[in-house]
Number of protein chains: 2
Amino acid sequence: MKIGKVFKYFRQTKHITLKEACQGIVSVPFLSRFENGLTDISFSHLLELLNRINVQLSEFEFLYQQKNTTNNDLLPAFQQAYQEGNAAQLKKYLSEWQKKQGKFANLQTIQLKMMLTTLGEGTVTEDELAILVSYFQKIDNWTFFELYLFGHAISFLELPIMLNLFKELQKKEIIYDDFRHDNFSILFYIYNNVILHLLANNCFDEAHTLVNHLENYFGNHDKDYYHQARLFNLKGLTLYLMDQKVLGLRLLKKANLITYLTNHKTDFLKNEKNYLTKYLSTEELSEVFNFSEVDYLK
Amino acid sequence: MKIGKVFKYFRQTKHITLKEACQGIVSVPFLSRFENGLTDISFSHLLELLNRINVQLSEFEFLYQQKNTTNNDLLPAFQQAYQEGNAAQLKKYLSEWQKKQGKFANLQTIQLKMMLTTLGEGTVTEDELAILVSYFQKIDNWTFFELYLFGHAISFLELPIMLNLFKELQKKEIIYDDFRHDNFSILFYIYNNVILHLLANNCFDEAHTLVNHLENYFGNHDKDYYHQARLFNLKGLTLYLMDQKVLGLRLLKKANLITYLTNHKTDFLKNEKNYLTKYLSTEELSEVFNFSEVDYLK
DNA sequence: ATAAAAAGTTGCATATAGGTTAAAAATAAT
DNA sequence: ATTATTTTTAACCTATATGCAACTTTTTAT
């Protein structure tokens, strides 16, 4: 219980006295006791105190989690290991979570197995997928946890089932409209995967609808260049496959051009190219990844 | 005190029973009373409960703030009014905060006056600026609150004083390295303004140092295209003014090209162009804002 | 429709969060 | 060094957070 200590750190580094910090909220002796870990505090009082010393709850939480070894939410940890392709670390997490019991521990376990499978080092059974599906069907509010879980499940689920779940998600998604950047990234990631999955299965119209739907987002977030570029990419491929080849290729090139100009890691463009090999002809491919006209800017 | 209600919403929409949610943390009856607003809860218990139902504190806070009319942190509200150029609304806030007393209310007041001044509808006295400076000098931990305050103060402060304060900030900034996107935006905004201010005062070397410092960030955040483009812009102008005109103009053009391709509001590029009029010749300007070579992609 | 089971609520007991006062210890100011 | 201010600690007290058992309501099963 070092919550108090974190508060003390903020207060002292801002040179605010106990008296200034607590006026009208709690008493001086109590605040002192709280800061020194001798007593707990109510949530609403903590909110008021943080407001008084001009610290956002997110800032407070950040430092608190950082100083706490018993990490409360393990999602970022999973994510990191997964993105690094660190299968060994994921297996560690897996054996930890397999010891625990309960519905949610089980879901975490399945999530880890899916991650490992994607990395080529694991398997997911039919039963486990059934558990996932029934969980998603039951839920009618998606938070970061479910978004993340679903994002990894997309390619494991049968297309019609996956699409149905996705429709459920869309109904709720409004909450995230002006939500934190972190959460929108996950949401976009899901859209991205669903659309690619649809295209791979020749469901062009559905994919197109989703692309159009995504476009609305950028009315309010015109500074989100990265996702804008990804959207050009998705739209480009979709139009290309819907026989609007010229327009499609232009969009694909635009996406690549932006990516190229912003110095995104070269691996990224290499992966993009790899993926498009499935769809584009050799000439088209080399045109879409030809940046000679702006090369002088590099 | 509708904290409990928000928790109840999350729990119920995820179809988790009281028993499942509280096992090993609090008792069923207590959780029920908390949810119905009959009692407060300790912060640590709330954290555990949120973790149990797989809701992030930030998600919880978001919904809580949204449903709470008595907004706890007014920074976003200020920001919105300021960005919209809504002077009337800012004046409203000002008269509200002038009624309150205390050091922080005073700081908020000054901040509002600076905003209004920037919009051409207010004045800030020397005394008020002195208060600001002494506040920043005393502080040795910068949170969102101070970042925001400083961001608006930059052009009001004497250059050497401002630079000293900025150096203090830089020492602390490490905390924000892998911090939330929101906070980094503010930090970048500050860097941006400081660099432009330096350039306007012919302090090229200092500006260049800051530009180099900013570049380090993008090693870990290569998906942040928007800020990457802004950095190209800053670096371009800096190099241009340091007599590396060719390289500088290339970077400026690169920044504009990215901005153009991502469909950022046309006002944005117009403002950029306006600003650069101070420095570039007419021919240079029209070249840097000439997008004919990629026009066919639009 | 009715019983059985589970989920949620209420009343009372108690542990603990938090206030008040005062005094000791530690910092800051002169 | 001496004063003044801030912080910590202590003792005692009150309000309230929380647990337990019994109760009511809702859901599920037959």
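No hydrogens, no waters, no symmetry mates; every other heavy atom, side chains included, goes into these values. Below, chains carry the letters A, B, ... as their sequence lines are ordered, and counting in each starts from 1.
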Could you tell me the separation between the [atom1] atom of [X] and the [atom2] atom of [N], rounded to a whole number of Å?
X: B:I3; N: D:dA17; atom1: CD1; atom2: P; value: 10 Å
X: B:E48; N: D:dT18; atom1: CD; atom2: P; value: 11 Å
X: A:I41; N: D:dT16; atom1: CD1; atom2: C1'; value: 14 Å
X: B:L46; N: D:dA17; atom1: CG; atom2: C1'; value: 14 Å
X: B:F30; N: C:dT10; atom1: CZ; atom2: P; value: 15 Å
X: B:L38; N: D:dA17; atom1: CG; atom2: P; value: 10 Å
X: A:Q23; N: D:dT6; atom1: CD; atom2: C1'; value: 14 Å

Would you classify A:L31 as touching base, sugar-phosphate or nothing, given that sugar-phosphate means primed atoms plus P, OP1 and OP2, and contacts are heavy atoms under 4.0 Å? nothing
A:N51 side chain vs A:L47 backbone, donor-acceptor pair below 3.5 Å: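 Answer holds: no.
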Do any N or O atoms from the side chain of A:E59 and from the backbone of B:T143 form a donor-acceptor pair under 3.5 angstrom? no
Contacts under 3.5 Å, N or O only, protein and nucleotides 3-9 of chain C:
residue	atom	partner	partner atom	Å
C:dG8	OP1	B:R11	NH1	3.4
C:dG8	OP2	B:L18	N	2.8
C:dT9	OP1	B:N36	ND2	3.4
C:dT9	OP2	B:S32	OG	2.6
C:dT9	OP2	B:N36	ND2	3.4

Using 30° and 60° as the class limits, which term best fits the ring planes of [X] and [Y]: parallel, tilted or perpendicular?
X: B:Y148; Y: B:H152; result: perpendicular
X: A:F150; Y: A:F166; result: parallel
X: B:Y135; Y: B:F104; result: perpendicular

Point-to-point distance, once rounded to the nearest 0.5 Å, from OG1 of B:T109 to CD of B:E96: 11.0 Å
Would you say D:dA17 has OP1 or OP2 under 4.0 Å from some side-chain N or O of B:H45?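 Negative; the distance criterion is not met.
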